Structure formats: structure tokens, C-alpha cells
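Predicted model, so just to flag it, every value in this text is computed and none were measured. Chain letters run A, B, ... following the sequence lines, proteins first, then strands; residues in each count from 1.
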Protein chains: 4
Amino acid sequence: MGSIERRQREKEQRREQILNTARELLFKKGIDATSMNQIAKNAELSVGTLYLYFKNKESLFAALQEEGLDLLYTKIREESEKGSTLREKLKKMAFAYMDFSEDHRKYFDIMNYFLSSPKILFSASLKARVDKHVNRILSVFEDTLKSGVLKNTDDREIRRMAVVFCSNLHGMLQFKKLQNTVLQGEDFRDLYMYSFDCAMKSLERIGDS
Amino acid sequence: MGSIERRQREKEQRREQILNTARELLFKKGIDATSMNQIAKNAELSVGTLYLYFKNKESLFAALQEEGLDLLYTKIREESEKGSTLREKLKKMAFAYMDFSEDHRKYFDIMNYFLSSPKILFSASLKARVDKHVNRILSVFEDTLKSGVLKNTDDREIRRMAVVFCSNLHGMLQFKKLQNTVLQGEDFRDLYMYSFDCAMKSLERIGDS
Amino acid sequence: MGSIERRQREKEQRREQILNTARELLFKKGIDATSMNQIAKNAELSVGTLYLYFKNKESLFAALQEEGLDLLYTKIREESEKGSTLREKLKKMAFAYMDFSEDHRKYFDIMNYFLSSPKILFSASLKARVDKHVNRILSVFEDTLKSGVLKNTDDREIRRMAVVFCSNLHGMLQFKKLQNTVLQGEDFRDLYMYSFDCAMKSLERIGDS
Amino acid sequence: MGSIERRQREKEQRREQILNTARELLFKKGIDATSMNQIAKNAELSVGTLYLYFKNKESLFAALQEEGLDLLYTKIREESEKGSTLREKLKKMAFAYMDFSEDHRKYFDIMNYFLSSPKILFSASLKARVDKHVNRILSVFEDTLKSGVLKNTDDREIRRMAVVFCSNLHGMLQFKKLQNTVLQGEDFRDLYMYSFDCAMKSLERIGDS
DNA sequence: GATGAATGAGTGTTCATTCAT
DNA sequence: GATGAATGAACACTCATTCAT
């Protein structure tokens, strides 16, 4: 009986061991340059064992993707609770996202990798799990907006506002890659703040109408 | 004499032949799953010939990327000239971007691929050429905004507005991938329109202040 | 238990199988014209397997090189023990070297290939291993000279004598390639003997002085 | 008529132009890394033209080989004339050879490349031409020895002595590659001098007997 | 459950040579 | 005589995945 629990614990540990190694390699060398054999060797396990815990390479990296989204969720949720006004809250959340894209650039890279990969590659169940995480993040934005001044806005509108707000942030962070070329001369943080202000203005307007 | 011209023409045709085949395969199978050998075989040319026309795989795909950005530029420029008011113009441009991402989804995918690829992958000169195309597109937005109502806005502000406006659109189009899951129940076109309205509101506000 | 041993044995056999095939091809076609794919095909193994047993082509051929040097070492050592006088010993060793260059011409060719290849080609560790073998062979000459009449010659002198003696033999064997053209009319064995006599004379002189 | 001469001159110039470029590249990048296309581009000629002047890559490099041997011949000949005694002459010649192997290392490398390449690779006529050059060099040694003290030595003996002397030098220079490993702690120049002394001793002895 | 040897199609790229113009 | 576009076999090497033990 205790042994069943122990087994369970060991299995969990093994899984973590694999993920830790994979994450480390991923962050060091990127997704393409990280092979299953390398992960196995670094984790001091056999390749076969990797396939016992993860169906294939893709699903291993999907797990890391979930991990990243989870981290992002936590950061954003925490920040959302710090501010007092709606503006303050959203600002903290927006910069939490930007910080995440910088501090955990590689997680952010996987996110984009998964977003821009041909759909065929991912099984439906994998997609579903990842989407759940995205949803959870969107919910934080929804909750924040809901608890804001806009008392009598209906849920659908709130949802839309959350999506637009998020996609604005995401779009800006995508453009960050261009900061040494197209955006030359601009401080990205300023630009991001500018974008945030624009988004806020539109929100307030909606409040108006 | 004529023979020199004919040679030139043939060379140009060959280049197109390669690009056509590469484009076709790329759109069918994605960038990683398209190999130089495949392109050669499908184009009924030898691999060596490919390397006569393109330095390497990367620059072949960069050529396709430029092609796509060129097409996008043309579409947006054309639309920008159709509307009469600033709002109308921008709306037409925004939807031109959306249409492009649908009609030429794969070009859009390459764009994202290049945006999210590790910088090391692309040589500086290649990046520079691609960036020029991106800049050209941004310029259309700048020109449109400049010729709009906002007479006394300085160039830097205009630039920022253009960047934010574009990144908003781009961010929304990124989220499109989620329309069957996260965005379930929403008509994407409506949502995009909603996002456009938000952006316009923030612009007007700026006009106000 | 036995199964672990068997596995070990099989691994060793596989390694030999690869080396045998590589040697055969090398001797038939030369080093450049022998590709990894060919070796794999002839050995009835997959290319991947080759890389399981040898880090790369270079180290596979280095293994053959070591093999050859090992063989040469053994031959020379054996001969060195047969003669009774110093002259007899050295003569047997000299002809062991010549016989080796004839009987194992291809091993001799690899030796020269490695000697004359640009240094960059070979990793330091590989060079070190090969050099150890060369040193071992030189040592046999040193030991023989030491145990000869020249009792009160210091080690450094002995070393130099060994090197010069060896390089004389090696130089002569290099010239063998020219026997049908430049050396026309000479019996190479005679010439080699002549060269050996010259070397002996200089040794004796040293003994004198 | 003059035009025929001009044509001839142009042809000769073109040939030199090719050889100059090939030599330059060879010395910069080594024999394997120098391709016909590169030579053509650097010489501002078309690949086809290269094949008009040289049957194939091999014969182009054989021409360089001849060039190198020619240079070596000249150096040795010149030095042979400087010394007054036999010993002085031979010493100058020996060091001329060593200097050549250092100053024109790449020429020396080609020489070894040709010496150690599988014979099949070279056409008989090519070999013959190269051998003629080697013979010419040997002759300088023969002449020097002949004009030395050893008045009543027959031609065959002289020939043998020249071959052995040369091969000794050559063997030593081959071993030079090992100076950082096997020969560690030895100054190669000293060692070479030592080897020369040995050779001289044996020559003198022959004089004696 | 765990192992790790084996697979083999696949990658991007090169290069000596040919030949129609 | 000169061109240079075209060839295509060949190269060394990688990698996700399988499966007998």
C-alpha cells in the first residue's frame, strides 16, 4: 500500500526530472537544437523512459508550454491583486506580461512556436489542454474588468474587452523583435506604455458611451 | 543580341519556377517539412540549380517572405486610397490586413515564423531587407494618419500611433488561431471590428487631448 | 547475467565488423573515396549505427591508424628480439618496417595520410592517441640502441639516434613510390640495404668519437 | 602573323592567370577546400575556360606541383654553387630543402599529397612529368657528390648516395609534423643538423673504405 | 517499468565536369 | 576560343522513434 504511493511519488519525480532537464536544454539551445537523446542523457535516463512519460517530443514540450502559461497566469493574477484602481491593476498586469516575455523569453518563444505551428502537428487533446490555460489567463483579465467601474457591462462585452486588451499586449510584444530595426530610436518600454494608454483610453470611452 | 535577352528572360523564369514550387510546398507542408531536395524534384530541376539562384534555403524563404510583405503592402496601399475619411481609410486597411491573413494565410504564417525565429538564424543583410518591407507597410499607416484630421501631431507621435495600430491588428490576427477554442461563440470578424473600434476610440481621444 | 556479457560481446563484435568493412574499403579505394554510407551498406548496418560506435569518420579512421601502428609496433618489437648483435637487431627491425610497408601498404598509406594532413583536421585527443603509438615504436629503437654497444651514450643522444634512424627508413620507403620511374634500374631492396648500411656506418662513427 | 604570336602570348598569360589564382587559393585554403568554381571566379574567367587550359583539377594542381619542384630545384642548385667544400655544399643544400619546406610549406604539402595519393588518380603522363622534375633535383645532388672528393666512385654508387641522402632529408622533414608531440623538447633545426652529420659520417666512411 | 542499441530516411550543401550557345 | 548555367550524385551527420530484452 505504502509502496503504491511511493511508486506514484517516484513516477512524479521522474516526470519532473525529465521536464527540468528538457526546460534547461530548451532555454540553453532552443527547441530545434534540443533532441530527445540529449534530454535523456542529461536526465540520466534512457530514451525509452522519456517515451514512457511523454507520448512524443511534441507533448513533452507541450507540458513545458503549459508550465509557462501557468507561470504567466500566476504572475498576472498576483499583479491583478496589487493595484487598487482598475487602471492600476491593468497596468500591473500588462507589465507583468511584458516582464514575463523578457524574463522567460524562452517560455514566450514556445508559446509563439505553438501558436504559429501548423495545426496538423498538434493533437486535439493537446490543443485543448493548452487552450484551457490560455482561457484561465483571459479570465483574470475578465475578472479584473468586471470588478472595475464598469458595473453594468454585460459578460460578452467584458469578454471582448479582455480579448482585445490581451491581444493588444501580445501584438506589441511580437513587435519587440523589431526594436533594433524598425523601431529604432524608440524605447520599447515607453512604446508599450503608450500602447497601454491607448488601450485604456478606448476602455474609458466604452465606459462613457 | 536577342539571345542575351532571351537568356535573361529564361533566368528570370527559372527563378520564378523555383519560387512557385517552393511557395506551393511551403503552403502545403510548412517551412520545416519543405526540403531543398523536394523543391528541386517538384520544380523538375536539380538541387544544384536551386543553389545557383538562391544562396541557401534561408534566402529562398526570405524571398518568399519579401513577396508576401510586398503583396500585403500593395493591398494596404490600395485600400488606403479608397476611403474618404480617416476612419474609412483605416477600416479598409485593417480589413485588408485581415483578408490578407486569410487569403494568404501561409504568407502570414511565414511572417510570423520569421518574426518569432531566433535572430541567429537570419543573416543581417536578410533581416535588413525584410525589415525594409515592414517599414514600408508602416509608412502607409503613417501617411494615412498624417493626412487625417490630426494636423498638428508631430511625426514621432504619428509613428507611435502607426506602430500601436498595426500591432493591435497583428495581435488580434494572432488570436485568430484560438477562434475554435478560446474564442468559441464569437464571430471573429465582429471581434476584429470591435477591436478596430477600440483602436479608433483611442485615436480620437488623442485627437481630443 | 550472462546476457550482459553477451551484449558486451556483441557490441565488441559489431565494432570489429565496422572496422573490418572500413579497412577493406579503405584499402580498396583510399580514404577520400570511402564514405560512411558505403561502410554502413557493406557492413550491413545502418549509418546511424556507425555513429553509435564512432564519433565521426575521422575517429573511425583514427582507430584503423592505431590498429596499423599497433601492428607495426608488434612486428618491430618481435624482430628486435630475434637478432643477437646490435647490427642484426636493427637490420631485422629495418626490414620489418619495409615488409610492413609492403604487406600492409594501405596501413602505411594511412600513416602517411595522417602525417601529411593539415593538423586542423584532427582533434587534439585523437592526435595524442596516435602519437602515443608512434612513441611506442620509437621506444623500441631506443631500447635496442641502449642495449647495444654504446654503453655510455646519454639518453638524449639515444633518442636522437632513434629518431634519425627511423626517419631514414621512413624517407626511403617514401621514395619507393618512385621505383618505377626515378629509381628505374635499381632493386629497391638493395637500395634499402644500402641505406641501412649508411645509417649503421654513421652509428658506428658516433660510437668511435 | 604577328597576331598568331599575340594569340600565343595571350594564351600563355591566361594560363599564368589561372595558375596564379589557383596557387593563391591553394596556399590560403588548402587543396580540398579550393574548388574549380572558386578559381574561375577569382581569376575572372569562366569555369569552362579552366578546362580549356587544364584537363581537370588534378592536372591543374600537378602544374603547381611542377612549379614547386622547379622552385626547389633552383634553390638547391643555387646553394650547391655557394659552398666550397663538399660538406659545405651539401649542408647548404640540405638547409635549402628545409627552408623550402618551411617557406613554401604548401608546395611541400602538395608534394606529399601527390606522393601519398593512390596512384590510380594520376595519369601516366602526369606522373612522368612530375618524375622528371624529381630527377632533376636528384641530379644536383649527384653532380655535387661527383665533383666532391670521391673521385673514383662509380656513377651507380653516386646515384645511390644521392638517393639515400635525399631520402634522409625528406624523412626528417616528414617527422617535423611530430615536433610538438613526439619530438617535444627537441629543437628541430638541431635535430636536422644532427641528421645531416650522421649522413656526412656515412659518406666519409664510404670514402674511407 | 526501464533500457539503450538500432534504425534509415532525411537534412542542407558542394563540386568537378559538361555542353549548348 | 570562351562562356556559365546546369547537373545530380555524393557528402557527413542527425534524430525521433521502436522494440527486444
Side-chain angles (χ1 to χ4, degrees), chain A residues 7 10-11 14 32-41 44-61, chain B residues 2-4 6-8 10-11 14-15 32-41 44-61, chain C residues 2-4 6-8 10-11 14-15 32-41 44-61, chain D residues 7 10-11 14 32-41 44-61:
Chain A
R7 288 262 198 103
E10 278 174 8
K11 270 188 81 170
R14 196 91 83 191
D32 278 333
T34 301
S35 77
M36 294 300 266
N37 279 306
Q38 275 171 40
I39 297 171
K41 188 176 279 178
E44 291 179 318
L45 291 168
S46 71
V47 235
T49 307
L50 260 54
Y51 283 86
L52 239 40
Y53 287 86
F54 297 94
K55 206 191 140 217
N56 50 31
K57 191 187 183 183
E58 214 88 58
S59 71
L60 202 168
F61 282 100
Chain B
S3 89
I4 290 170
R6 178 160 47 73
R7 285 266 197 112
Q8 269 305 320
E10 276 175 7
K11 270 189 83 167
R14 196 80 89 193
R15 206 186 123 93
D32 277 334
T34 300
S35 77
M36 294 300 267
N37 281 309
Q38 273 172 41
I39 297 171
K41 191 175 278 180
E44 290 177 317
L45 291 168
S46 70
V47 228
T49 306
L50 259 54
Y51 284 88
L52 233 46
Y53 288 86
F54 298 94
K55 204 190 142 223
N56 50 30
K57 192 186 182 182
E58 174 196 331
S59 70
L60 201 168
F61 283 100
Chain C
S3 90
I4 289 171
R6 180 161 44 76
R7 285 265 197 111
Q8 269 305 319
E10 278 175 5
K11 270 189 83 168
R14 195 82 88 191
R15 207 188 121 94
D32 277 334
T34 300
S35 76
M36 294 300 266
N37 280 312
Q38 273 172 42
I39 297 171
K41 192 176 277 179
E44 290 178 319
L45 289 168
S46 70
V47 226
T49 305
L50 260 54
Y51 284 89
L52 233 45
Y53 288 86
F54 297 94
K55 205 190 143 221
N56 48 33
K57 190 185 183 181
E58 175 196 330
S59 70
L60 201 167
F61 283 99
Chain D
R7 287 264 199 103
E10 277 174 6
K11 267 188 84 167
R14 194 93 81 193
D32 277 334
T34 300
S35 75
M36 294 299 266
N37 278 305
Q38 275 170 42
I39 298 171
K41 188 176 280 179
E44 292 178 318
L45 292 167
S46 71
V47 234
T49 306
L50 258 55
Y51 283 87
L52 239 41
Y53 287 85
F54 297 94
K55 204 192 142 221
N56 49 31
K57 191 186 181 181
E58 214 88 59
S59 70
L60 201 168
F61 283 99

Atom-to-atom span, [atom1] of [X] to [atom2] of [N] - whole angstrom:
{"X": "Asn56(B)", "N": "dG12(E)", "atom1": "CG", "atom2": "P", "value": "11 Å"}
{"X": "Leu60(D)", "N": "dC15(E)", "atom1": "CG", "atom2": "P", "value": "15 Å"}
{"X": "Lys55(B)", "N": "dT14(E)", "atom1": "NZ", "atom2": "C1'", "value": "14 Å"}

Quiz item: Could you spell out the base pairing of DNA chain E in dot-bracket, with Watson-Crick or G-U pairs whose two distances are under 3.5 Å, [ ] crossing and | to another strand?
Solution: .||||||||||||||||||||
Quiz item: Who pairs with Glu44(A) by salt bridge (Lys or Arg N to Asp or Glu O under 4.0 Å), at least two apart in sequence or on another chain?
Solution: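 Not a single residue meets the salt bridge (Lys or Arg N to Asp or Glu O under 4.0 Å) criterion with Glu44(A).
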Exercise. Locate the shortest heavy-atom distance separating Ser46(D) from Ala40(D); write the atom from each residue and the value.
Key: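 What the structure gives for the nearest pair is C-CB, 3.9 Å.
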Self-check item: Over all atoms of both residues, closest heavy-atom pair of Tyr51(B) and Asn56(B)
Solution: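 That would be CE2-CA, 3.9 Å.
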Quiz item: Starting at the 5' end of DNA chain E, which residue's closest nucleotide do you reach first, Lys57(D) or Glu10(A)?
Solution: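 Nearest nucleotide further toward 5': that of Glu10(A).
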Self-check item: Contact nearer the 5' end of DNA chain E, comparing Val47(D) with Gly48(A)
Solution: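 Closer to the 5' end of DNA chain E: Gly48(A).
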Quiz item: At under 4.0 Å between heavy atoms, what does Phe54(B) touch on the DNA or RNA strands: base, sugar-phosphate, or nothing?
Solution: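 Touches nothing.
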Quiz item: Hey, which of these two, Arg14(B) or Tyr51(C), hits DNA chain F nearer its 5' end, going by closest nucleotide?
Solution: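 Between the two, 5'-proximity favours Arg14(B).
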Looking at [atom1] of [X] and [atom2] of [Y], how far apart are the two atoms once the value is rounded to the nearest 0.5 Å?
{"X": "Lys41(B)", "Y": "Gln38(B)", "atom1": "NZ", "atom2": "CD", "result": "8.5 Å"}
{"X": "Thr49(D)", "Y": "Ile39(D)", "atom1": "OG1", "atom2": "CD1", "result": "13.0 Å"}
{"X": "Arg14(C)", "Y": "Glu10(C)", "atom1": "CZ", "atom2": "CD", "result": "7.0 Å"}

Quiz prompt | Qualifying residues under side-chain hydrogen bond (donor to acceptor under 3.5 Å, both in side chains), relative to Thr34(C), sequence neighbours excluded | solution =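 side-chain hydrogen bond (donor to acceptor under 3.5 Å, both in side chains) check on Thr34(C) returns nothing, list empty.
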Quiz prompt | Neighbours of DNA chain E within residues 33-40 of chain A, by heavy-atom distance under 4.0 Å | solution =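 Residues of residues 33-40 of chain A that come under 4.0 Å of DNA chain E do not exist, since none gets that close.
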Practice problem: Please identify each residue that fulfils side chain to side chain contact (heavy atoms under 4.5 Å, CB included) with Arg15(B), with sequence neighbours left out. | Solution: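 Result, side chain to side chain contact (heavy atoms under 4.5 Å, CB included) vs Arg15(B): Glu12(B), Leu19(B), Tyr53(B), Phe54(B), Ala63(B).
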Quiz prompt | Contact boundaries on DNA chain F for chain C, cut-off under 4.0 Å to non-hydrogen atoms | solution =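 The contacted stretch runs from dC11(F) to dT14(F).
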